[in-house]
Asker: 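Here it is, the structure in full.
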Amino acid sequence: MRLSRYFLPILRETPKEAEIISHRLMLRAGMMRQEAAGIYAFLPLGLRVLNKINTIVREEQNRAGAIELLMPTVQSAELWRESGRYDAYGKEMLRIKDRHAREMLYGPTNEEMITDIFRAYVRSYRDLPLNLYHIQWKFRDEVRPRFGLMRGREFLMKDAYSFDLDQAGARHSYNKMFVAYLRTFARMGLKAIPMVAETGPIGGNLSHEFIILASTGESEVFCHRDYLEFDVPGEDIDFDNVDALQSTVDKWTSLYAATSEMHDAAAFEKLPQGSQMSARGIEVGHIFYFGTKYSEPMKAVVTGPDGTEKPVHMGSYGIGPSRLVAAIIEASHDDAGIKWPEAVAPFKVAILNLKQGDGATDAASEKLYAALQAKGVDVLYHDLDERPGSKFATADLIGIPWQVLIGPKGLAAGQFELKKRADGSREMLSPDDVLARLV
Ligand code: ATP
Ligand code: MG
Ligand code: MG
Ligand code: MG
């Protein structure tokens, strides 16, 4: 992409309305724009990051055996009356009437709808286990929408729903998602810790929130420091191996980790002092086993091996991709701007032509740009007539992991300068070596 043909509305001033760093940086970097309280338009740069996050989420859901579909945002109130949640959900639900005065709503979540889809088609235990997911916009009329995408009213969610014959099967389905989540967040450069979460009236211990530590997080969390050093399962992990999965989950739940709602101060204090970590955290994912809570009232039943009908055991598994855009920035930035982990960066490389209009720097920049594009590398070519200082500031602000500086001085020696945004390190290299590094 040539910056001269792109749409990147950078703000030089820090917007006053933004209270936390990710919100400020996203506005300054021209990633998004507020259209109403808690409702945002993704601008091109922001959309690129969101799409990269979605791709990682999707790959890991698919690897774990979940199957993608797409449910609508607008739902009928009827379904929610069946589960009893239409009245229970309260003011967070955006209720709508269509022209025939039928009660509709903008979905805050999809348990009812997926249960309706399931019961329409699945009759036998032989069709289980099944896990269906989608990545779709949700609306929750939050009391306090704030911090930009962190707590929006309209936000993107990946929500998966598992169906099993019994609790043991559901446990395995839960473990698959648990492990998929560990991998998903690690691939985004995040350290997410699974913390025991409230299960409501169902009880049991099958609910975990995946939390990233950040001083601006809205949750207060307590955990064992060793979680930060745990290894995440590799992509070769066998999701069908019940025991292997269970032992991974056992390891990741062996140490103390809880949000304030579930905090057990006495247990926490028993940890060695140096291992106690109390911090603020951001909830980026949440997994939940809820048994027959929806299948019973909505009559989602299958015939078991013994010929009798049983309500299926279900779980739901959420991730917030739009919140993740902000959470990754909270975890990875400096005074100059965002430092995107390569896996989610809007562009991998920025070419900074330090003397636009100069025959030699123009030709060298164009050549590298074409070569990177031919190799399928996401590259942004800063081809505007601006001072070098301003180009450095833009590239740092928008957080491109690799910057290639092409100026007359280096060119005289046949070299480009390659800068790594993560640590600021710089190297003079031949054009061929730069290309070899970046493909
Ligand atoms: P929170 O505690 O932050 O209100 P939640 O527990 O209500 O979140 P869930 O119902 O568990 O959220 O939804 C699954 C995921 O969707 C969350 O883990 C989070 O990543 C994301 N999410 C929830 N609410 C919002 C929101 N208002 N804005 C952006 N993302 C959200
Ligand atoms: Mg909430
Ligand atoms: Mg929560
Ligand atoms: Mg939650």
Side-chain angles (χ1 to χ4, degrees), residues 20 22-23 26 32 34-40 42 46 49-50 53-54 56-57 61 73 85 88-94 106-112 114 133-161 174 177-178 180-182 184-185 188 190 192-200 202 206-214 216-221 257-263 280-290 293-294 314-331:
I20 63 171
S22 58
H23 190 191
M26 288 192 74
M32 48 87 131
Q34 181 171 312
E35 295 301 333
I39 300 178
Y40 295 87
F42 273 82
V49 177
L50 185 66
I53 289 172
N54 286 343
I56 294 175
V57 168
Q61 290 293 293
T73 53
R85 282 211 291 182
Y89 212 92
K91 289 194 166 176
E92 229 172 79
M93 180 184 275
L94 180 64
Y106 194 121
T109 178
N110 284 66
E111 279 84 3
E112 283 79 0
I114 200 77
Y133 77 96
H134 70 163
I135 301 178
Q136 179 62 289
W137 296 94
K138 303 289 185 288
F139 195 97
R140 293 183 185 175
D141 207 348
E142 303 275 358
V143 194
R144 283 221 291 163
R146 59 179 185 158
F147 300 159
L149 295 178
M150 201 71 90
R151 182 167 299 284
R153 293 198 295 164
E154 187 181 56
F155 60 95
L156 196 59
M157 196 198 290
K158 181 287 300 180
D159 36 327
Y161 303 89
Y174 183 90
M177 288 293 109
F178 189 109
Y181 277 37
L182 291 177
T184 300
F185 299 123
M188 297 172 190
L190 296 170
I193 304 172
M195 304 205 181
V196 179
E198 260 174 329
T199 47
I202 303 153
L206 286 186
S207 177
H208 288 90
E209 289 174 357
F210 286 73
I211 305 263
I212 294 174
L213 304 182
T216 47
E218 292 186 281
S219 319
E220 197 184 358
V221 301
T259 59
S260 56
E261 296 94 57
M262 295 297 283
H263 185 45
R280 313 235 18 123
I282 301 168
E283 178 190 330
V284 289
H286 192 167
I287 61 178
F288 207 117
Y289 162 70
F290 46 73
K293 180 175 176 187
Y294 301 95
M314 294 173 58
S316 72
Y317 315 90
I319 288 183
S322 53
R323 175 178 288 182
L324 273 165
V325 179
I328 293 168
I329 297 175
E330 290 294 327

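This one's a predicted model, so the numbers in the text were calculated from it and none came from an experiment. For ligands, and for the atoms within them, numbers begin at 1 and follow the listed sequence.
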Asker: Touching ligand 1 at all, L324? Heavy atoms, strictly under 4.0 Å?
Answerer: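 No, L324 has no heavy atoms under 4.0 Å from ligand 1.
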Asker: Between M157 and ligand 1, is there a nitrogen or oxygen pair with a distance under 3.5 Å?
Answerer: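 No: no nitrogen or oxygen of M157 is under 3.5 Å from one in ligand 1.
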Asker: Side chains of V221 and L213: closer than 4.5 Å at any heavy-atom pair?
Answerer: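 Side-chain contact under 4.5 Å: yes.
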Asker: Taking atom types as modelled, find out whether H208 and Y181 have a side-chain donor-acceptor pair closer than 3.5 angstrom.
Answerer: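 There is no such pair between these side chains.
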Asker: Flag the pair Y89 / R140 as yes when at least one side-chain heavy-atom distance between them is below 4.5 Å, and no otherwise.
Answerer: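 Heavy-atom side-chain distance check passes, below 4.5 Å.
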Asker: Any non-hydrogen side-chain atom of I282 less than 4.5 Å from a side-chain atom of M150?
Answerer: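 Answer yes - side chains close enough.
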Asker: Tell me which protein heavy atom sits closest to atom 28 (N) of ligand 1, plus the residue, atom name and distance to 0.1 Å.
Answerer: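 That would be G152 N, 3.1 Å.
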Asker: Is a donor from one side chain sitting under 3.5 angstrom from an acceptor on the other, for Y106 and E154?
Answerer: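 There is such a pair (donor and acceptor under 3.5 Å, judged by atom type) between the side chains of Y106 and E154.
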Asker: Quick check on E218 - does any of its heavy atoms sit under 4.0 Å from an atom of ligand 1?
Answerer: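 Flag not set, E218 not near ligand 1.
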Asker: Measuring from atom 23 (C) of ligand 1, which candidate in F155, F147, Y317 has the nearest non-hydrogen atom?
Answerer: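 Looking at heavy atoms only, the winner is F155.
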Asker: Before you tell me yes or no, could you show the steps for F178 and F210 under ring pair (Phe, Tyr, Trp, His ring centres under 6.0 Å), namely the whole-Å CA-CA distance, both residues' side-chain angles and the distance that decides it to 0.1 Å?
Answerer: CA-CA 9 Å; F178 189 109; F210 286 73; 5.5 Å; yes
Asker: In H286, which N, O or S atom comes closest to the Mg ion (ligand 4)?
Answerer: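 Relative to the Mg ion (ligand 4), the closest nitrogen, oxygen or sulfur of H286 carries the name ND1.
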Asker: At less than 4.0 angstrom from any non-hydrogen atom of V284, what atoms of ligand 1 do you find?
Answerer: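 Atoms satisfying the 4.0 Å criterion: 18 (O), 20 (O).
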Asker: Could you point out which residue of R151, R153, R323 forms a salt bridge (Lys or Arg N to Asp or Glu O under 4.0 Å) with E142?
Answerer: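 Of all the options given, the one that passes is R151.
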Asker: Could you verify whether a donor N or O on one side chain and an acceptor N or O on the other, from S219 and E283, lie under 3.5 Å apart?
Answerer: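 Checked: S219/E283 side chains show no N/O donor-acceptor pair below 3.5 Å.
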Asker: Determine whether the side chain, the backbone, both or neither of D159 has a heavy atom under 4.0 Å from any heavy atom of ligand 1.
Answerer: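 Under 4.0 Å from ligand 1, D159 contributes no heavy atoms.
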Asker: Within the 4.5 Å heavy-atom criterion, are Q136 and M157 side-chain neighbours or not?
Answerer: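 When only atoms from C-beta onward are counted, M157 and Q136 do not touch, as no gap falls below 4.5 Å.
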Asker: May I ask you to identify the nearest protein heavy atom to atom 19 (C) of ligand 1, giving residue, atom name and distance to one decimal place in Å?
Answerer: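 Answer for atom 19 (C) of ligand 1: R323 NH1, 3.6 Å.
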Asker: Identify, by atom number and element, the atoms of ligand 1 in contact range of M150, meaning under 4.0 Å from any of its heavy atoms.
Answerer: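 Here the atoms of ligand 1 in question are 28 (N), 29 (C).
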Asker: Using side chain to side chain contact (heavy atoms under 4.5 Å, CB included) as the criterion, point out the one residue from F288, Y174, F290 that pairs with L206.
Answerer: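 Of the listed residues F288, Y174, F290, the side chain to side chain contact (heavy atoms under 4.5 Å, CB included) partner of L206 is Y174.
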Asker: How does R151 reach ligand 1, by side chain, by backbone, by both or by neither, if only non-hydrogen atoms under 4.0 Å count?
Answerer: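 Contact part for R151 vs ligand 1: both backbone and side chain.
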Asker: If you measure from each non-hydrogen atom of E209 to ligand 1, which part falls under 4.0 Å: side chain, backbone, both or neither?
Answerer: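 No part of E209 comes within reach of ligand 1.
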Asker: Which one holds for R140 and ligand 1: side chain close, backbone close, both close, or neither close, with close meaning a heavy atom under 4.0 Å?
Answerer: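 The answer is the side chain of R140.
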Asker: Out of all atoms in ligand 1, which are within 4.0 Å of some heavy atom of E142? Include the element for each.
Answerer: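 Ligand 1 atoms under the 4.0 Å threshold to E142: 24 (N), 26 (C), 27 (N).
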Asker: If we set the cut-off at 4.0 Å for heavy atoms, which region of E283 has an atom near ligand 1: side chain, backbone, both, or neither?
Answerer: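 Both the backbone and the side chain of E283 come within reach of ligand 1.
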Asker: Please list, in number order, the atoms of ligand 1 under 4.0 Å from a heavy atom of G320.
Answerer: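 Checking each atom against G320, I get 20 (O), 21 (C).
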Asker: Which of the N/O/S atoms in E283 sits closest to the Mg ion (ligand 3)?
Answerer: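 Closest N, O or S atom of E283 to the Mg ion (ligand 3): OE1.
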Asker: If we count only N and O atoms by modelled type, under 3.5 Å, do the side chains of Y294 and E111 hold a donor and an acceptor together?
Answerer: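 Judged by distance alone, the side chains do not pair up.
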